[in-house]
Amino acid sequence: MNDREDFDIMLRKMAKSEPIIVPDGFEERSDTIIKNLASKDNKANKTIGKSKWRFAFAMLLLFFSLGGIVATAQYISGGEFFKDYFNKIARNDTNNSYNYMNTEQLKGLESSTVGTVINSPEITIDVLGVIKSGNTVNVMLKITANQLDSVLYDNGIEPLKNYRFNDNFSNTLSEDAEQVSYRYYYNDEDKSLEPNQFKILYTFIGVKNLDKKNLSLELDKFGYFFLGKTSYVDFNTLYDDKWEFNVALDSVTDSYKQVYINKPIVYNNSKIILDLVNINPLSCTIKFNPVGYSDKEYSDFVENVSNFKFILSNGQIIDSKQFEYTCGGNYKEARFDVIISFKVPVTVDDIKSIALYDKEFDLK
Amino acid sequence: MVTDRNAIFSNLVPEYRAKLFRIAMGILQSNADAEDAVSEAICKAFINFNKLKNIDSFKPWIIKILVNEAYTMVNKRKRLVPLDESFVASDHMSEIEDTLVLWDAVNLLKQDFRIVVILFYYEEMSIKEISKILNIPVGTVNSRLDRSRDKLKQYLLIKGDVEYE
């Protein structure tokens, strides 16, 4: 072996000679991203559901803490609020049947936190409802911009229009968080809101079933996005502040079941082990253990998630038209999981089995 | 001027995106995650491009954004949304494997050592630049490079790609 410098030179030559292997279509997808950024069609900040692109890059800060419980009983209960919320979803979606929906159970899943949690000259934040089950929490907030006549602002950046909180998702998610998503509602969509109000629905899904007492929320910087003179998306901060508050996770009942399946699935000549199904009225987390598979096989498995079905005891089927899903995994870390968010709450005990990759697995 | 800046960004990114992908692969070791990290980095770079004073610093600047993004993904177990398109392994995998001898060896290193090797040998960055990108002392960069060289030598010897005199 030559001396160290020769080895160094050799490494440099080897590195220089090795080609960079990128996935098929990588350049085209990247070009599309750049084009969209430049043409004001930024797809940042979406609810996390099915989306054309794999990444979601607007998230909310969520921290667990042991802070005090805030609850003022000026409003209807969280359970009642969400009952009304899901009833509207079912009513407005005339393409699907939601007769399996169970909103009566929401009373037992509600948190005691409801009412005004922040009341400042600039911003009032009301918790309209919190429901928690298994590893899932839904929080609905109503924000009033007290000094504005309207929070509607057409900046031409869909879906980042209107006044909102700035998003900062660096170092924001706790280790307990599997997935966090949010969705804004304004009065052009929700007529129960005044022009200077909007709602935010947060869905927090934990790595495992939640046993925390509180969920601590923090909202940073209030303002609006805009396209600057250089055509770049920037944020105009109206109130440079942060608003922190806690919601209790003190529902009196819980409804979930975890079924360890540990059975192999062979799909497109690839093998994967179905490990665990954790299901609650609001969501279902399915964990798989890959068996030495590649990114191609991972893609095959991911593509088929839209064919997943839940079979109820009465034979009715809940399919992907009635839920949203996200997938995550890394074959090198030997994990792959699917998170399904039901559009309306289900009765866990009514779910007999799950069908995926052309096989049916009993969940009783 | 507005259009020029936009055009500059649009022209710069294609030059570096494959390298960014390789760096992200070094950290995340997943095609899907690496592409996500690159996409995120491009978007963040786009948003903050007006803050970059010297275009000549674009490469280390965007690499730093990418590295931060990749490490954030490592820490967060980022959720992914299914793509309509699928990634397909190359039909010429065996040919590719033969030409990626050093890359295979680098992927056997621990993550903290891997990234230093990639930035030094593949991206030909200086120790000082690497120190800034990874936010670690210069001494640590040197130390990790030294130890990585020893490991790489062992691996390449076993593979027969280095001759022992």
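This structure is a prediction, so every number in the text was calculated from the model and none was measured. Sequence lines set the chain letters: A, B, ... in the order given, protein chains first and strands last, and positions in each chain run from 1. These numbers come from the heavy atoms of this one structure, side chains and all, not from hydrogens, waters or symmetry mates.
Using a 4.5 Å heavy-atom cut-off against chain A, the contacting residues of residues 133-147 of chain B are B:Asp146.
In plain terms, the two heavy atoms of B:Asp33 and B:Met73 that are nearest each other are O-CE, 3.3 Å.
A distance-only check finds no donor-acceptor pair linking the side chain of A:Arg183 to the backbone of A:Leu201 [under 3.5 Å].
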- Please walk me through it: do B:Arg114 and B:Ile27 pass side chain to side chain contact (heavy atoms under 4.5 Å, CB included)? CA-CA 7 Å; B:Arg114 211 156 60 222; B:Ile27 297 171; 5.6 Å; no

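Inspection of the A:Asn307 and A:Tyr357 side chains reveals no N or O donor paired with an N or O acceptor under 3.5 Å.
Remark: aromatic rings of A:Tyr325 and A:Phe308 are distant, center separation not under 6.0 Å. Annotation: A:Phe310 is in aromatic contact with A:Phe342 [ring centroid separation under 6.0 Å].
Heavy atoms closer than 4.5 Å to chain A are found in the side chain of B:Val38, but not in its backbone.
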